[in-house]
There are 2 protein chains.
Amino acid sequence: MSRARTIGVIGGMGPEATVDFFAKLVSATPATRDQDHLRVLIDNDPSVPDRNAAIAGEGPSPAPRLALMARGLVAAGAELLVMPCNGAHAFADAVREAAPGVPFLSLIDATVAATLARTPDVRAVGLLATDGTLSARLYHDAFERAGVAALTPSEIEQRTVMAAIYAVKAGAASEERRAALRAVAERLCQAGAEALINACTELPLLLREGEVVMSGEVVPVIDSTDALVRETLAAARGPAEAARDA
Amino acid sequence: MSRARTIGVIGGMGPEATVDFFAKLVSATPATRDQDHLRVLIDNDPSVPDRNAAIAGEGPSPAPRLALMARGLVAAGAELLVMPCNGAHAFADAVREAAPGVPFLSLIDATVAATLARTPDVRAVGLLATDGTLSARLYHDAFERAGVAALTPSEIEQRTVMAAIYAVKAGAASEERRAALRAVAERLCQAGAEALINACTELPLLLREGEVVMSGEVVPVIDSTDALVRETLAAARGPAEAARDA
């Protein structure tokens, strides 16, 4: 095998999600000794301005900080960039422009591809995501291009989703939050969702496949973190062309 | 509070240990939102030459690579360096020389200090560590300066410890490995150890406090990863002087 590419992680949004991505990346790497693992550079910068506030037009844009992180990671040796935060992908162009020639693997594209691979005949998915990810239509547009309807929680239910996500960020995820999130997920399925998308990197810490069952059938839960881990491993170890196309 | 220092992590030795340190650092940070967390730069470079082979004189020195990582992290903005790998501390001088003026928090010193704080009257500790950490006497000397005897496993038992550590690196820690390690820990206590030192950053993944009980009393297990997490948080958030003295 030719030398694998060094991975640069634009992280800290939030830190638990970056830890989760890094842990899953290491655990998914086929390795029998340290030296088989991939080199991973992480900039865990939790001071990036709030993505939701920025998308709502109520706060400063995170774009300059994301661009700075991308440039810093490339200067440090990153040959492939990832950003384990869905909402931040509203500003993905700033990352691409800051690091021309370095492949950037989109978390959104990875998740949509993982959904279509897992449930090829799916007609509608339920989106569990932040307000910012929903209002920037990051998943709506990608799924609609694939002919899949994207269902979202009601306004009141969405507050439950946001409260659960911010509880993870505060290190205060509880069984009560999990149950409330599960109820929102079940409502999406009753409304027609045939699969659920954990479209926020904090959500895998709250909702796992097997926890939502409708009419005796486990509803597939597609995890954006897992999808990005798989694409990252493939691109880091695959030929340069594969990474560039991604 | 003045701005906290950016932490640079010389990592990848092994990757699971770096994940464990990062996860514990994030989890131990008092925070109610992303922006309360610390900026952490991680260079997870698993290709660093094997520390045990180098200490045994049977492989290349990791020192040049560690120095390169230290310089890279400082160039990227690190204001405080840590290295969550005990054996690599045999080459800590290379890190200090590569980053003059940037505090380097020794994992060994942090662990010895945590041991004396936790068990002030301890007369003997049992060292669970790699061959390299033991033969470089990283803990023997530090504990002896504090008047504490450092007990080590027999040659055959030490092979059990090494097999357990390398199983973690290979992602193959099993209940059998855990039980065998626990048996070695119990033998150290029978030989007089009043506390056990998890002096390898892979070991917290295999042995936890509460698992070794002698004459009905839980034997304290001092975890080098936990000790470094606490010192890192204090130094990152404390006054510049504290970090510089560390």
Side-chain angles (χ1 to χ4, degrees), chain A residues 3-4 6-9 11-52 62 65 68-69 71-78 85 165-172 202, chain B residues 3-4 6-9 11-52 62 65 68-69 71-78 85 165-172 202:
Chain A
R3 194 183 66 79
T6 295
I7 299 158
V9 181
M13 304 173 284
E16 287 84 358
T18 301
V19 167
D20 191 46
F21 173 78
F22 182 31
K24 286 173 175 165
L25 185 70
V26 168
S27 152
T29 305
T32 57
R33 51 181 199 139
D34 288 359
Q35 288 75 11
D36 294 335
H37 279 274
L38 297 166
R39 184 163 177 217
V40 186
L41 301 171
I42 301 175
D43 187 344
N44 182 75
D45 186 351
S47 71
V48 174
D50 188 284
R51 285 68 64 196
N52 293 296
R65 189 70 66 90
L68 205 64
M69 283 205 272
R71 276 195 293 269
L73 287 164
V74 171
C85 170
I165 291 169
Y166 276 80
V168 173
K169 289 178 185 289
E202 261 86 21
Chain B
R3 192 183 67 79
T6 296
I7 299 158
V9 180
M13 304 173 282
E16 287 83 359
T18 301
V19 167
D20 191 47
F21 173 78
F22 182 31
K24 286 173 175 164
L25 185 71
V26 168
S27 153
T29 306
T32 57
R33 52 182 197 138
D34 288 359
Q35 291 74 12
D36 294 335
H37 279 274
L38 298 165
R39 185 164 178 218
V40 185
L41 302 171
I42 301 175
D43 188 343
N44 183 75
D45 187 349
S47 70
V48 174
D50 188 283
R51 285 68 64 196
N52 293 296
R65 191 69 66 89
L68 205 64
M69 284 206 272
R71 276 194 294 268
L73 287 164
V74 170
C85 171
I165 292 169
Y166 276 78
V168 172
K169 290 178 185 288
E202 262 86 21

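Residue numbering restarts at 1 for every chain, and letters A, B, ... go by the order of the sequence lines. Model, not experiment: these values are computed from the prediction.
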Tell me, out of Thr6(B), Asp36(B), Asp43(B), Val48(B), who's got the most heavy-atom pairs with chain A below 4.5 Å. Asp43(B)
Please flag which part of Asp50(B) lies under 4.5 Å from any non-hydrogen atom of chain A: side chain, backbone, both or neither. both
Below 4.5 Å, heavy-atom pairs only: which of Thr18(A), Val9(A), Ile7(A), Thr29(A) has the largest tally toward chain B? Thr18(A)
At a heavy-atom distance under 4.5 Å, which candidate from Glu16(B), Met13(B), Arg33(B) has the highest pair count against chain A? Glu16(B)
So which atom in Ser47(A) and which in Gln35(B) form the shortest heavy-atom distance, rounded to 0.1 Å? CA-CG, 4.3 Å
For Arg51(A), which atoms come within 4.5 Å of any heavy atom of chain B: side chain, backbone, both, or neither? side chain
Contact leader toward chain A among Pro15(B), Ala75(B), Ala76(B), where contacts are heavy-atom pairs under 4.5 Å: Pro15(B)
Contacts with chain B made by residues 19-27 of chain A (heavy-atom distance under 4.5 Å), listed by residue number: Val19(A), Phe22(A), Ala23(A), Val26(A)
Looking at chain A, which one of Pro30(B), Ala170(B), Pro46(B), Ala167(B) has the largest number of heavy-atom pairs inside 4.5 Å, strictly under? Pro46(B)
Search all heavy atoms of Leu38(B) against all heavy atoms of Asn44(A) and return the closest pair with its distance. O-ND2, 3.4 Å
